[in-house]
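For reference, positions follow the sequence shown, starting with 1. A quick note: this is a predicted structure, and the numbers were derived from the prediction, not measured.
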Amino acid sequence: MDWPLPELGQSIMADSNRSNPIPTALLLMSLTAGAWYFFKNFQIQGLDQISVSGKAGGIDSPEIQGFPNDSFLATKATDWLPDATSRLTVTPVSTGSLSSSRTVLNSGLPATRNLRIATWALGGLGPDKIDSVATFDRVASVIRGFDLVAIQQLRATQQDFLPQLMERASGSGRRYDYLVGPVQQPSGEQLAFFFDTNRLVTDRSQLYSVADPENRLTHDPLVGWFQSIGLPPNAAWTFSFINVRIELPRARLEVAELPRILGAVARDGRGEDDCLMGGLFQSDDVYLMATLQRPAMQSVIKGMKTDIFARHQTSNLVYSNSTTTEAIGRGGVFDFLRSENLSLAEAEQVSPYLPVFADFSPREGGER
């Protein structure tokens, strides 16, 4: 018996008419679950221009993801998810208790008999960013206000850039030299120290980058050793200085490594009991000091903003007040915008960050 061939589409239509309740039930369940998820985590805003945003406590909220806006007490450093930062604007780790007040240092003041030590992030300063001789001179003028400056975010792509900057900073009783670390990849940045050779001496053989075989830090800290000038060798203050650059998207993870860095430098065989640590920490003093978990540690900046836009606290200088008795207890933020009478645009060409400084006695153990 010959069976008649079905017309085109006939068998398909026949199969589709068969009743099968399982796909229908699954579809209804999926729609119900999706609607519950949507209204639990999102809210609809506006009528003419509808927008959807995550509710407080939803999956995209900082409280759940552990973004840098969280307070230190709310999350642990190891709970932070770095890959999640691609969805939100990254900001420095902050407790939200910062003041807009600043301590102004006029770089034209005569040098103090104490040592004025600073840390300054240059925001990628290098030959490509210097747009004029005036900008170059402004950077040099800021450096001239200090006896020692730890520099971060330097891109000295030309061999004569640092010697030129050193030459421009020197003068009016100042004579600067510098120490510079290796070019770090992939950023192309370097860490450096500028110091007045009339106030400090260094041993270049003691300069080193902290080894980080597990790559826990994006930028290897640079450690220099310095001694004050003008006193008998047994009375001159000696100290180590750790220059730190924290990568913003990994701020919580990298700040958590700082206690380990302090321990490594303390065990470097030099036997130096005074150790300063300064740099671009991408966190405020409350979070930073809580992470260091050392009661004797002292931060120079407390509750102050350190960028030219008065938004965040990103830089600081810390030391142990139990061993570093040379600390005078005087310091602050150098607002070079006011000192140089610059507009925000002009200041940004110099650096988006303000230097943080503190004064120390040049005599070992402090004044007696």
Please examine the side chains of Val350 and Phe136, heavy atoms only from C-beta on, and report whether any two atoms are closer than 4.5 Å.
no
If you compare all heavy atoms of Ala358 against all heavy atoms of Val300, which two are closest, and at what distance to 0.1 Å?
CB-CG2, 3.6 Å
Are Ile328 and Phe357 linked, directly or through intermediate hydrophobic residues, by side-chain heavy-atom contacts shorter than 4.5 Å (ILVMFWY only)?
no
With sequence neighbours excluded, tell me which residues meet side chain to side chain contact (heavy atoms under 4.5 Å, CB included) with Asp220.
Gln184, Ser209, Asp212
Look at the side chain of Glu257 and the backbone N and O of Leu217, then say whether any donor-acceptor pair between them is shorter than 3.5 Å.
no
On a heavy-atom basis, which atom in Glu346 and which in Ser343 lie closest, and how many Å separate them?
OE1-N, 3.0 Å
With rounding to the nearest 0.5 Å, note down the distance linking CD1 in Ile261 to CE in Met277.
8.5 Å
Is there side-chain contact between Leu354 and Asp307, with at least one heavy-atom pair below 4.5 Å?
no
What pairs with Ser240 under side chain to side chain donor-acceptor pair (under 3.5 Å), at least two apart in sequence or on another chain?
Arg270
Sort and list the pairs that fulfil salt bridge (Lys or Arg N to Asp or Glu O under 4.0 Å) and have at least one residue in residues 227-246, not counting sequence neighbours.
Glu189-Arg245, Arg245-Glu247
Under the ring pair (Phe, Tyr, Trp, His ring centres under 6.0 Å) rule, what pairs show up with a residue in residues 164-191, not counting sequence neighbours?
Tyr178-Phe194
Would a 4.5 Å heavy-atom cut-off, applied to side chains only, mark Val356 and Met304 as touching?
no
Rounded to the nearest 0.5 Å, what separation is found between the OG atom of Ser170 and the CG atom of Asp196?
7.5 Å
With side chains defined as the heavy atoms from C-beta onward, is the minimum distance between Glu340 and Ser141 less than 4.5 Å?
yes
Do the ring planes of Phe146 and Phe334 sit parallel (below 30°), tilted (30 to 60°) or perpendicular (above 60°)?
perpendicular
Taking only residues two or more places apart in sequence, or in another chain, which ones meet Asp273 in a salt bridge (Lys or Arg N to Asp or Glu O under 4.0 Å)?
none
Could you tell me which residues satisfy side chain to side chain contact (heavy atoms under 4.5 Å, CB included) with Ala296, sequence neighbours excluded, listed by chain and number?
Ser320, Asn321, Ser322
Side chains of Arg175 and Thr197, donor plus acceptor under 3.5 Å:
yes
Under the side-chain contact (heavy atoms from CB on, under 4.5 Å) rule, what do Arg252 and Tyr287 come out as? Steps first, then yes or no, please.
CA-CA 9 Å; Arg252 289 178 184 264; Tyr287 185 89; 3.5 Å; yes
What distance do Asp177 atom CG and Asn198 atom CG have between them, rounded to the nearest 0.5 Å?
11.5 Å
Asp285 bridged to Lys302 by N-O distance under 4.0 Å
no
For the residue pair Cys275 and Val265, what are the closest heavy atoms and their distance?
SG-CG1, 4.1 Å
Nearest heavy-atom contact between Pro163 and Gln159 is CD-O, 3.4 Å
Could you pull out every donor-acceptor pair under 3.5 Å between side chains of residues 221-235 and any protein atom, sequence neighbours left out?
residue : atom : partner : partner atom : Å
Trp225  : NE1  : Glu272  : OE1          : 3.2
Ser228  : OG   : Trp237  : N            : 3.1
Ser228  : OG   : Pro362  : O            : 2.6

Look at the side chain of Thr324 and the backbone N and O of Ala327, then say whether any donor-acceptor pair between them is shorter than 3.5 Å.
no
Just to verify, what does Asp274 make a salt bridge (Lys or Arg N to Asp or Glu O under 4.0 Å) with, not counting sequence neighbours?
none
Test item: Met297 and Leu262 side chains (from C-beta on) under 4.5 Å apart, heavy atoms:
yes
Heavy atoms only: give me the nearest Ala150-Gln152 pair and the separation to one decimal.
O-NE2, 3.2 Å
For residues 157-171, which residue pairs pass the salt bridge (Lys or Arg N to Asp or Glu O under 4.0 Å) check, not counting sequence neighbours?
Asp137-Arg168
Quick one: which residue pairs count as a ring pair (Phe, Tyr, Trp, His ring centres under 6.0 Å) with a foot in residues 245-280, not counting sequence neighbours?
none
Atom CD of Gln185: over 12 foreign heavy atoms under 6.0 Å:
yes
Can you find a pair of side-chain heavy atoms, one from Leu154 and one from Trp120, that are under 4.5 Å apart?
no
Would you say the side-chain atoms of Ser361 pair up with the backbone N or O of Glu326, donor to acceptor, closer than 3.5 Å?
no
Verify, without hydrogens or angle tests, whether Ser351 (side chain) and Ala121 (backbone) share a donor-acceptor contact under 3.5 angstrom.
yes
By side chain to side chain contact (heavy atoms under 4.5 Å, CB included), Thr314 pairs with (sequence neighbours left out) Pro92, Leu280, Gln282, Thr306, His312, Tyr353
Distance col, row Arg138:CZ vs Ile143:CD1, nearest 0.5 angstrom, shows 15.0 Å
How close do Ile246 and Ala251 get, counting heavy atoms only, and between which atoms?
CG2-CA, 3.8 Å
Polar side-chain atom of Arg116 near backbone of Gly331 as donor-acceptor pair, under 3.5 Å
no
Is any side-chain heavy atom of Thr119 closer than 4.5 Å to a side-chain heavy atom of Leu276?
no
Check whether any side-chain heavy atom of Ser187 lies under 4.5 Å from a side-chain heavy atom of Thr218, and answer yes or no.
no
From Thr291 OG1 over to Gln293 CD, what is the distance, rounded to the nearest 0.5 angstrom?
7.0 Å
One should read off an interatomic distance between Thr238 OG1 and Gln206 CD, to the nearest 0.5 angstrom, of 11.0 Å
Would you sort out whether Asp147 and Arg174 count as a salt bridge (charged side-chain N to carboxylate O under 4.0 Å, His left out), showing the intermediate values?
CA-CA 9 Å; Asp147 298 305; Arg174 294 288 200 177; 2.6 Å; yes
Quick one: does any side-chain atom of Ser299 pair with a main-chain N or O of Ile301 as donor and acceptor, under 3.5 Å?
yes
Indicate, with yes or no, if Val201 and Leu179 share a hydrophobic cluster defined by side-chain heavy-atom contacts under 4.5 Å among Ile, Leu, Val, Met, Phe, Trp and Tyr.
no
With sequence neighbours left out, what residues match Ala347 under side chain to side chain contact (heavy atoms under 4.5 Å, CB included)?
Ile308, Phe336, Leu337, Leu342
Would the Phe241 and Tyr319 ring centres measure less than 6.0 Å apart?
no
With distance as the sole test, does Gln153 use its side chain to make a donor-acceptor pair with the main-chain N or O of Gly123 at under 3.5 Å?
yes
